[in-house]
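What follows is one structure encoded as structure tokens, with my remarks underneath.
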Amino acid sequence: DNTTFSTRGKFRPPTLPPTLVTRPRLTSKISTPVTIISAPGGFGKSTMLNDWRQERDDIPVAWAALDVDDDQLLRFWMTVIMALQTVRPGLGQTLMPFLQRASSISPAEIVTRLIDEMNCGDADGFCMGLVLDDFHHIKQSGVNDSVQIFLENIPPNLQLVIAGRARPPLALGRLRAMGLVTELELEDLRFTLP
């Protein structure tokens with residue numbers, strides 16, 4: 001059954017090294033509703049994001065370490081919901097049964113139902129962050145199309161960070177024009193002299 005999978009470590013960020021070099025110049029830039037971080041392996045994306053996550057004492061931040069198995073529509077959104085449930089138990093409960101059986105639910109319907117549930121929490125002022133790490137594993141157009149719909153309708157109570165080794169194939173022009181997206185790339189992640 002491809003809908004059951006081990007969650008060990010999937011929803012926990014990597015452990016911070018004991019001699020962490022903090023990067024406040026970068027973590028302070030993660031302030032818009034959407035942040036896209038793309039750089040090759042070894043540039044400290046996950047470590048920087050874990051540091052940022054721990055600095056955020058104002059909102060809880062969910063974490064999903066994506067892998068090649070998440071490159072399927074239903075599995076991807078199950079992973080996202082399970083990550084969000086680590087900071088907001090019960091979120092997505094009405095949607096999970098549709099994702100767990102190979103139903104014919106459309107990408108737009110998945111996203112709409114999830115956003116509706118997330119917006120219900122907005123009324124009580126519950127805000128949260130979500131890191132989708134290793135997004136470079138996501139290649140299927142159906143998954144990327146659903147993420148595009150999610151970005152275009154991002155709930156006001158969510159701060160989303162997408163990180164990976166390659167720039168995701170997402171259309172960001174409208175979000176850029178509205179000042180809703182921050183993009184950090186290789187040159188931004190290079191260490192600089194103090």
Side-chain angles (χ1 to χ4, degrees), residues 13 22-40 43-66 76-77 79-81 83-84 87-88 91-92 107-108 110-139 141-192 194:
T22 59
R23 303 178 82 179
R25 174 182 64 87
L26 292 175
T27 56
S28 67
K29 292 183 179 184
I30 305 173
S31 58
T32 52
V34 177
T35 300
I36 308 288
I37 302 172
S38 54
F43 274 79
K45 297 178 296 294
S46 300
T47 302
M48 178 194 64
L49 284 172
N50 191 12
D51 184 37
W52 168 79
R53 182 189 66 84
Q54 290 189 4
E55 289 174 5
R56 294 302 306 255
D57 52 11
D58 57 332
I59 63 169
V61 178
W63 188 283
L66 302 172
F76 175 84
W77 287 104
T79 296
V80 168
I81 290 169
L84 291 169
V87 298
R88 187 159 175 201
L91 180 70
I110 292 170
V111 172
T112 301
R113 286 185 183 200
L114 179 58
I115 288 171
D116 286 349
E117 280 199 54
M118 293 177 80
N119 283 335
C120 287
D122 193 30
D124 61 15
F126 187 90
C127 294
M128 62 192 139
L130 172 63
V131 173
L132 297 178
D133 198 17
D134 295 327
F135 197 85
H136 55 272
H137 290 300
I138 305 305
K139 311 246 187 246
S141 60
V143 180
N144 282 307
D145 291 348
S146 69
V147 173
Q148 183 72 47
I149 296 166
F150 190 68
L151 290 179
E152 290 171 2
N153 299 282
I154 191 161
N157 59 341
L158 178 70
Q159 186 174 7
L160 176 65
V161 180
I162 296 175
R165 294 181 178 182
R167 176 188 283 271
L170 301 167
L172 302 173
R174 189 172 140 286
L175 292 173
R176 278 189 203 111
M178 296 170 66
L180 299 177
V181 65
T182 298
E183 296 170 84
L184 300 173
E185 298 183 332
L186 176 91
E187 288 305 314
D188 301 297
L189 270 69
R190 285 189 195 282
F191 282 98
T192 56

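Just so it is clear, the values below take in all heavy atoms, side chains as well, and ignore hydrogens, waters and symmetry mates. Just so it is clear, the structure is predicted and the values come from calculations on it, not from any experiment. Quick note: residue numbers are just sequence positions, from 1.
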So which atom in [X] and which in [Y] form the shortest heavy-atom distance, rounded to 0.1 Å?
{"X": "N144", "Y": "P169", "answer": "ND2-CG, 3.5 Å"}
{"X": "A64", "Y": "A83", "answer": "CB-CB, 3.9 Å"}
{"X": "N153", "Y": "I149", "answer": "ND2-O, 2.8 Å"}
{"X": "F43", "Y": "L186", "answer": "CZ-CD1, 3.1 Å"}

May I ask you to decide if [Y]'s main-chain N or O and [X]'s side chain share a donor-acceptor pair within less than 3.5 Å?
{"X": "E117", "Y": "G92", "result": "yes"}
{"X": "K45", "Y": "A39", "result": "yes"}
{"X": "T32", "Y": "T182", "result": "yes"}
{"X": "T47", "Y": "G44", "result": "no"}

Quick check: do [X] and [Y] have side-chain heavy atoms less than 4.5 Å from each other?
{"X": "W52", "Y": "V131", "answer": "yes"}
{"X": "I59", "Y": "N157", "answer": "no"}
{"X": "Q159", "Y": "I154", "answer": "no"}
{"X": "L180", "Y": "P33", "answer": "yes"}
{"X": "I30", "Y": "V161", "answer": "yes"}
{"X": "F76", "Y": "L132", "answer": "yes"}
{"X": "P168", "Y": "V147", "answer": "no"}
{"X": "L49", "Y": "I37", "answer": "yes"}

Applying side chain to side chain donor-acceptor pair (under 3.5 Å), which residue pairs with at least one partner in residues 128-139 are found, sequence neighbours left out?
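Qualifying pairs: S46-D133.
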
Applying ring pair (Phe, Tyr, Trp, His ring centres under 6.0 Å), which residue pairs with at least one partner in residues 155-175 are found, sequence neighbours left out?
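Checked against ring pair (Phe, Tyr, Trp, His ring centres under 6.0 Å) - neighbours excluded - no pair reaches residues 155-175.
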
List the residues meeting ring pair (Phe, Tyr, Trp, His ring centres under 6.0 Å) with F150, not counting sequence neighbours, and say none if there are none.
W77

